[in-house]
Amino acid sequence: MDLALLRTFVTVHRAGSFTRAAALLGLSQPAVTSQIRTLERQLGRPLFLRRARGVTPTTMGDELAHRAAPHLDALVEIAETGLDEESVVRTLHLAGPPEFTSLRALPALTPLISQGLTLRSTFLANSDEALEGLAAGHHDLAIATARPRGGLLTATPLCDEEHVLVAAPRWAARLGPGALRRKGPVVLQKLPVVEVHESLPLVSRYWAAVFDGRPATAGTVIAPDLRAVLECTAAGAGLAVLPRYLCEGALERGEVVALLDPPVPPLRTYFLAARTGTLALPHIARAHEWLVRAAVDW
């Protein structure tokens, strides 16, 4: 079996699209399609199901990828580093929001350390900065809340983050049960607000999505880290809008309470971005695949 065909197959399997695989391999899309068809003829079985957006591997395709990918990655590493190198060390530079990267992404990647991967992280709350640094080659992967445009970067949806309007129990008691549902956001105008920036990005997004308006208040406590926002909120500093994954424990312990349970909660999507072509590098591809798989449970 031609190793070039297997390499193309594994790249398509990881990319989920002939178009993205072609960009990663530096080939035309017809060339990638032709190679996959050749491999399917040799095996006598289809490897992918063609969809409107990309492809989905068949059972045979998943099995072949599981068996072939580690060996192909090892061959690429040998070709890149040489046989006389005693140890292969790969460093992955990851950029992303401080809270999500700390609590989700980095713990998910730690099992790869035993496979020779070293990790370096950069915390950037601003998605534009993270994507610009990725495009400039400062990072290998970037987690962002905006999908990059153009062909220089590729992005995979990672997970959706639910936002919750929370406050300390004493603020909820002062409002009274059901007050927000009966009277609307006007009852919140006198409550202090805890946020990550003076522009109130999370609160404003929540108000627009749930109340179809803008908050008529200013920030009382501004802390550029959502973990600090949670701690201040639990201490009684005011109301805040926080990701559910971040405040779930505090909600369960009763340190904060949800002021509203809207039928359709506001969501924010995280994207995992890479420079086009770099997912052909085994250590970046493994980290990318590991994060995408871990995100299923987030």
Original post:
Got a second to check how far L291's CG is from L106's CG, nearest 0.5 Å?
Top reply: 9.0 Å
Original post:
What do the steps show when you test T276 against T154 for side-chain hydrogen bond (donor to acceptor under 3.5 Å, both in side chains), and what is the final call?
Top reply: CA-CA 6 Å; T276 299; T154 61; 4.9 Å; no
Subject >> 4.5 Å side-chain heavy-atom contact, E129 and L124 >> reply: yes
Original post:
For the residue pair F48 and F18, does the interplanar ring angle fall in the parallel (under 30°), tilted (30 to 60°) or perpendicular (over 60°) class?
Top reply: perpendicular
Original post:
With a 4.5 Å heavy-atom cut-off, do L165 and L188 have their side chains touching?
Top reply: yes
**OP:** Using modelled atom types only, decide if a donor and an acceptor are shared between the side chain of T110 and the backbone of P107 within a distance under 3.5 Å.
**Re:** yes
**OP:** Could you check if a side-chain atom of I143 sits within less than 4.5 angstrom of a side-chain atom of P97, using non-hydrogen atoms only?
**Re:** yes
Original post:
Looking only at atom types and distance, does a side-chain atom of S34 sit under 3.5 Å from a main-chain N or O of P30, one as donor and one as acceptor?
Top reply: no
Original post:
Going by distance alone, is a donor N or O of one side chain under 3.5 Å from an acceptor N or O of the other, for H13 and D62?
Top reply: yes
Subject >> Pairwise side-chain contact, R120 with T91, heavy-atom cut-off 4.5 Å (strictly under) >> reply: yes
**OP:** In sequence, state the C-alpha distance, the side-chain angles, and the governing distance for T217 and Q189, and then conclude on side-chain hydrogen bond (donor to acceptor under 3.5 Å, both in side chains).
**Re:** CA-CA 6 Å; T217 185; Q189 290 181 5; over 6 Å; no
**OP:** For residues T8 and T11, determine if any side-chain heavy atom of one lies less than 4.5 Å from a side-chain heavy atom of the other.
**Re:** no
Considering only distance and modelled atom types, tabulate donor-acceptor pairs under 3.5 Å from the side chains of residues 194-206, sequence neighbours left out.
from, atom 1, to, atom 2, distance (Å)
E195, OE2, L202, N, 2.8
E195, OE2, V203, N, 2.7
H197, ND1, S199, N, 3.0
H197, ND1, S199, OG, 2.9
S204, OG, L200, O, 2.8

Just distance, no hydrogens or angles: give the donor-acceptor pairs under 3.5 Å from side chains in residues 226-242, sequence neighbours left out.
from, atom 1, to, atom 2, distance (Å)
R227, NE, D225, OD1, 3.0
R227, NH1, S102, OG, 3.4
R227, NH2, D225, OD2, 2.8
T233, OG1, V229, O, 2.7

Original post:
Do we see a donor-acceptor contact under 3.5 Å between the side chains of S127 and T145?
Top reply: yes
**OP:** Find the distance between CG (D140) and CZ (R90) and round it off to the nearest 0.5 Å.
**Re:** 11.0 Å
Original post:
Under 4.5 Å between any side-chain heavy atoms of L94 and H139, yes or no?
Top reply: no
Original post:
Which ring-ring contact (aromatic ring centres under 6.0 Å, His included) pairs, counting each pair once, include a residue from residues 93-126, with sequence neighbours left out?
Top reply: F100-Y245, F100-Y270, F100-W298
Original post:
Would E40 and R50 pass as an ion pair if we require N to O under 4.0 Å?
Top reply: yes
**OP:** Indicate yes or no: at least one non-hydrogen side-chain atom of R275 is less than 4.5 angstrom from one of L134.
**Re:** yes
Original post:
Heavy-atom distance under 4.5 Å between the side chains of R244 and E161, does that happen here?
Top reply: no
Subject >> CD-CZ distance between Q115 and R286, expressed to the nearest 0.5 angstrom >> reply: 6.0 Å
**OP:** Decide if atom CZ of R293 counts as having more than 12 heavy atoms of other residues, nucleotides or ligands within a radius under 6.0 Å.
**Re:** no
